[in-house]
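By convention here, the first residue in the shown sequence is residue 1. These numbers come from a predicted model, not from an experiment.
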Amino acid sequence: MNDLITRLRAAVGASNVLTEGDLSAYEMDWRKRAQGKALAVVRPASTGEVAAVVRACAEAGISIVPQGGNTGMVVGSTPDASGRQVVLSLTRMNRIRGIDAGNLTVTVDAGCVLQNVQEAAEAAGFLFPLSLAAEGSCTIGGNLGTNAGGTQVVRYGNTRDLCLGLEVVNAQGEVWEGLSGLRKDNTGYDLRDLFIGSEGTLGVITGATLKLYPLPKATLTAWAAVPSMDAALQLLGLAHRHLGAGLTGFEVMGQFALSLVVRHMPQLRVPFQAESPYGVLLETSDQESEEHARGQFERLLEVALEEGCATDAVVAENIAQARALWNVREHIPLAQAEEGLNIKHDISIPVSKIPAFCAETDALLQREIAGVRLVNFGHMGDGNLHYNVQAPEGGDMQAFLRDQEERVNTLVYDQVQRFGGSISAEHGIGTLKAEKLPHYKSPVALQMMQAVKKALDPQNIMNPGKVLG
Ligand code: FAD
Ligand code: 2HG
Ligand code: ZN
């Protein structure tokens, strides 16, 4: 093992091979669901250094856990407890490599923090639309590794849809230079799409070419009080009809989820929380003018109030008010974490079936788990709910997880399957869902995934234990 540490130090510099001190920022996941132990945390600064690290680990038979901002939700970016895995942290690889304005693309290092990419795009007069509450610390490599979604998917798609090319260090330590800015390229299998969403199990993403869009002339945000999930679905239909491609966000938030924000972030003002079963956050982006956007948005909300799918609504008057509304939505995961350990279900269901799914599954859980508290919110425009479960009020969270997690997961995921949904919409599988995957994925699909893994990583050194278990 000493030989490996010596080689790693030679590859990235001794100060970038961490073996001592408090490494919990790299060894524990964001949700505090797992504490691992790394052989070392290695922090390369270039693609060449990543390749040298992978080659050294491959020769020593030591596995690698690629890590970006370590904000993932499914324990995918932290090592196991063996003390025999190297955490490969990409955060020193944080260069914006270049913007091609004519091609509407930006090429970046994989360790770039998402917010820095958004800001670089904006400074050049463009929009990079990927947007999520962890954007101040998550990285493009992690976004690609998980195929992250976020709050703009309804208009711009998820990370996969925003990526044109990749640079990857494979499990043999070779560099695949696939940084194409092409929008069309049918020269065989799509390796880019294979690596996107592979959660570090096939190779290390070191760079990416991403799509840019023109900055909208105006962006407006509204909050609607909504009486039921059926009403939320009706409002979504109206929003599509009235706003067309202008609809960039449609987030639903259950009353209990919002009550956690009221409880833990009393400085935030949550509209209509006390009186409404659901809140919906809508965003429209307009290429014409603010006046045009406001006219369309107000008309939409008038119709929604007339038809009764909204009982009240407020449109933000300025950017500060819009930010305040988004802040409430983005604080739900933080408020949930403050409330204590919890069970998360990042699920997708055909949008049309969401009301029936919630009605049935809410009732099922309430019947089966005494005192259960449902924290339901998410990206309704994409059919993606965060259908989360908090232990009963005042209960012992650790005991709840120990005794009930498996049962709660089975109840919810069986329902998801019945409704033709997916047990992971945007967070991935990691280790938390690896055991569940074989129950809910077709055996043929699993077999093909295993064959791909074996072909690309025959030594099983890339993030073993994640996704395929
Ligand atoms: P990490 O957590 O470090 O890693 C995630 C996975 O990607 C791991 O399997 C890791 O091995 C792999 N990986 C990391 N870097 C690389 C690389 N360079 N090459 C190959 N594999 C790599 N997610 C959403 O989809 N939508 C949301 O709206 C959203 N909101 C969030 C809000 C909060 C408050 C928090 C804490 C998280 C949220 N997330 C959301 C989850 C998380 O931010 C995303 O999954 C994000 O994409 C992870 O990026 P990261 O850099 O932190 O990756
Ligand atoms: C979000 O949409 C994230 O805020 C996190 O995907 C969801 O905490 C969660 O369950
Ligand atoms: Zn989400």
Spacing of OG1 belonging to T71 relative to CD belonging to E135, to within rounding of 0.5 Å: 11.0 Å

CG on N463 to OG on S198, rounded to 0.5 Å: 9.0 Å

Side chain H292, main chain E288, donor-acceptor under 3.5 Å: no

Check: M462 main-chain N/O paired with T201 side-chain donor or acceptor under 3.5 Å: no

Salt bridge present between D190 and R192 (N-O < 4.0 angstrom): yes

L210 vs I140, side chain to side chain contact (heavy atoms under 4.5 Å, CB included): CA-CA, chis, key distance, verdict: CA-CA 10 Å; L210 305 165; I140 292 297; 4.0 Å; yes

Trace of the side chain to side chain donor-acceptor pair (under 3.5 Å) decision for E119 with Q115: CA-CA 6 Å; E119 285 171 5; Q115 191 174 330; 3.1 Å; yes

Residues which pass side-chain contact (heavy atoms from CB on, under 4.5 Å) with A110, listed by chain and number, not counting sequence neighbours: I205

Exam field: side chain E177 to backbone L179, donor-acceptor pair closer than 3.5 Å: yes

Separation of I64 CD1 from L88 CG (nearest 0.5 Å): 6.0 Å

Nearest atoms (heavy-atom pairs only) where V261 meets L268: CG1-CD1, 4.0 Å

Donor-acceptor pair, side chain of D100 and main chain of N103, under 3.5 angstrom: yes

Distance-only side-chain donor-acceptor flag, S89 / Q67, under 3.5 Å: no

P277 side chain reached by V226 side chain, heavy atoms, under 4.5 Å: no

Short N-O contact, E339 and R263, less than 4.0 angstrom: yes

Whether D286 side chain and E290 backbone form a donor-acceptor pair below 3.5 Å: no

Over 12 non-hydrogen atoms of neighbours within 6.0 angstrom of CG in L182: yes

Contact list for residues 306-318, test side-chain hydrogen bond (donor to acceptor under 3.5 Å, both in side chains), sequence neighbours left out: Q234-E307

Ring centers of F377, Y387 separated by less than 6.0 Å: no

L162 side, atom CG; L144 side, atom CG - distance, nearest 0.5 Å: 9.0 Å

Side chain E426, main chain G150, donor-acceptor under 3.5 Å: yes

Test item: K32 side-chain N/O and L341 main-chain N/O as donor-acceptor pair under 3.5 Å: no

N388 vs Q336, side chain to side chain contact (heavy atoms under 4.5 Å, CB included): CA-CA, chis, key distance, verdict: CA-CA 9 Å; N388 298 344; Q336 230 205 321; 3.0 Å; yes

Donor + acceptor pair across side chains of D346, N384 (<3.5 Å): yes

Distance-only polar pair, side chains of T209 and T107, donor-acceptor under 3.5 Å: yes

Less than 3.5 Å apart, which donor and acceptor atoms pair up between the side chains of residues 245-256 and the rest of the protein, not counting sequence neighbours?
{"unit_1": "T248", "atom_1": "OG1", "unit_2": "E283", "atom_2": "O", "d": "3.3"}
{"unit_1": "T248", "atom_1": "OG1", "unit_2": "E283", "atom_2": "OE1", "d": "2.8"}
{"unit_1": "T248", "atom_1": "OG1", "unit_2": "S285", "atom_2": "OG", "d": "3.2"}
{"unit_1": "E251", "atom_1": "OE1", "unit_2": "R329", "atom_2": "NE", "d": "2.7"}
{"unit_1": "E251", "atom_1": "OE1", "unit_2": "R329", "atom_2": "NH2", "d": "3.1"}
{"unit_1": "E251", "atom_1": "OE1", "unit_2": "H379", "atom_2": "ND1", "d": "3.0"}
{"unit_1": "E251", "atom_1": "OE2", "unit_2": "H379", "atom_2": "ND1", "d": "2.7"}
{"unit_1": "Q255", "atom_1": "NE2", "unit_2": "Q273", "atom_2": "O", "d": "2.8"}
{"unit_1": "Q255", "atom_1": "NE2", "unit_2": "A274", "atom_2": "O", "d": "3.1"}
{"unit_1": "Q255", "atom_1": "NE2", "unit_2": "S276", "atom_2": "O", "d": "3.4"}

E302, CD: over 12 other non-hydrogen atoms inside 6.0 angstrom: yes

Close side-chain approach of I429 to E199, heavy-atom, < 4.5 Å: yes

S424 vs K433 side-chain heavy atoms within contact, under 4.5 Å: yes

T47-E167 side chain donor-acceptor pair, cut-off 3.5 Å: yes

Side chain to side chain contact (heavy atoms under 4.5 Å, CB included) between M448 and V452, worked out: CA-CA 6 Å; M448 290 192 283; V452 168; 5.6 Å; no

Check against side chain to side chain contact (heavy atoms under 4.5 Å, CB included), V74 and T431: CA-CA 6 Å; V74 289; T431 45; over 6 Å; no

Side chain proximity check, T78 to N70, heavy atoms < 4.5 angstrom: yes

Test item: D109 side-chain N/O and R95 main-chain N/O as donor-acceptor pair under 3.5 Å: yes

Side-chain heavy atoms of L437 within contact of L446, under 4.5 Å: yes

Considering all heavy atoms, the nearest C57-L8 contact: SG-CD2, 4.3 Å

Pairwise side-chain contact, S289 with K217, heavy-atom cut-off 4.5 Å (strictly under): no

Closest heavy-atom pair and its distance - Q35, S24: OE1-CB, 4.3 Å

Exceeds 12 heavy-atom contacts within 6.0 angstrom, atom NZ of K441: no

Ring-ring centroid check Y213 Y156, cutoff 6.0 Å: yes

P214 to L127 - nearest heavy-atom pair and separation: O-CB, 4.0 Å

Electrostatic pair R294:E291 at N-O distance under 4.0 angstrom: no

N16 side chain to V12 backbone, donor-acceptor under 3.5 Å: yes

Test of ring centre spacing under 6.0 Å for H386 and H427: yes

L132 vs L114 side-chain heavy atoms within contact, under 4.5 Å: yes

N342 side chain to V389 backbone, donor-acceptor under 3.5 Å: no

Closest heavy-atom pair and its distance - P333, W30: O-CH2, 4.2 Å

Note, P44 side chain near R92 side chain (heavy atom, < 4.5 Å): no

Pair K453 + D457: basic N to acidic O under 4.0 Å: yes

Distance in Å, R43 CZ paired with M93 CE, rounded so as to fall on 0.5 Å steps: 12.5 Å

L282 CG to W223 CH2 distance, which is reported to the nearest 0.5 Å: 10.5 Å

Closest contact, heavy atoms only, P350 versus G420: CD-O, 3.9 Å

